[in-house]
A.B. asks: 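My questions will all concern the structure given below.
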Amino acid sequence: MQAWFASHPIIAYLVIFVLITYVYNKVFRVQQKLPLLKEIILYILMALGSGMLLIFQHDKLPIIQCLLVAVGLMLLVRVRYFVEGRQKKKAEASTK
């Protein structure tokens, strides 16, 4: 997988940018929306950071794999919260 991403840098860059954007939106985004200019600057900085991470990926560091693990753990936490919420609703319904 590492060699394939090394031979396809544009796809690797897009994957890194999408994963970083997902992590930012799910973990670090504040409740209120940012002004448009700040939002644009933020995504430009994330694009530049993705370029830096692409260099690390090209130097044989597993950046994409680490981001995939982070996204997988975030999805696992979401599933856990969903299951706990269903169990809580079920327990409340059975006590009534």
A.B. asks: Are Arg80 and Glu84 close enough for a salt bridge, meaning some N to O gap below 4.0 Å?
C.D. replies: yes
A.B. asks: Using the rule that Ile, Leu, Val, Met, Phe, Trp and Tyr join whenever any side-chain heavy atoms are under 4.5 Å apart, tell me whether Val27 and Val71 fall into a single cluster.
C.D. replies: yes
A.B. asks: Which residue pairs pass the salt bridge (Lys or Arg N to Asp or Glu O under 4.0 Å) test with at least one member in residues 2-15, sequence neighbours excluded?
C.D. replies: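 Counting only pairs at least two positions apart or across chains, no salt bridge (Lys or Arg N to Asp or Glu O under 4.0 Å) contact touches residues 2-15.
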A.B. asks: Considering non-hydrogen atoms only, spot the tightest contact between Met1 and Leu68 and give its length.
C.D. replies: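 Looking at all heavy atoms of both residues, the closest pair is CE-CD1, 4.2 Å.
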A.B. asks: Between Gln2 and Leu61, is there a donor-acceptor pair closer than 3.5 Å when you use the side chain of the first and the backbone of the second?
C.D. replies: yes
A.B. asks: Which residues satisfy the side-chain contact (heavy atoms from CB on, under 4.5 Å) test with Val79, sequence neighbours excluded?
C.D. replies: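 With neighbours one apart ignored, the set is Val83.
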A.B. asks: Going by ring-ring contact (aromatic ring centres under 6.0 Å, His included), name the pairs with one or both residues in residues 3-62, residues two or more places apart or in two chains.
C.D. replies: Trp4-His8
A.B. asks: Can you hop from Met74 to Val77 via hydrophobic side chains spaced under 4.5 Å?
C.D. replies: no
A.B. asks: For Phe82, what residues pass the side-chain contact (heavy atoms from CB on, under 4.5 Å) criterion, not counting sequence neighbours?
C.D. replies: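 Arg86.
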A.B. asks: Please list all pairs meeting salt bridge (Lys or Arg N to Asp or Glu O under 4.0 Å) that have one or both residues in residues 20-49, counting only residues at least two apart or in different chains.
C.D. replies: Arg29-Glu39
A.B. asks: Are there over 12 heavy-atom neighbours, none belonging to Leu45, within less than 6.0 Å of that residue's CG?
C.D. replies: yes
A.B. asks: By the rule that ILVMFWY residues connect when side-chain heavy atoms come within less than 4.5 angstrom, directly or transitively, which residues belong alongside Ile55?
C.D. replies: none
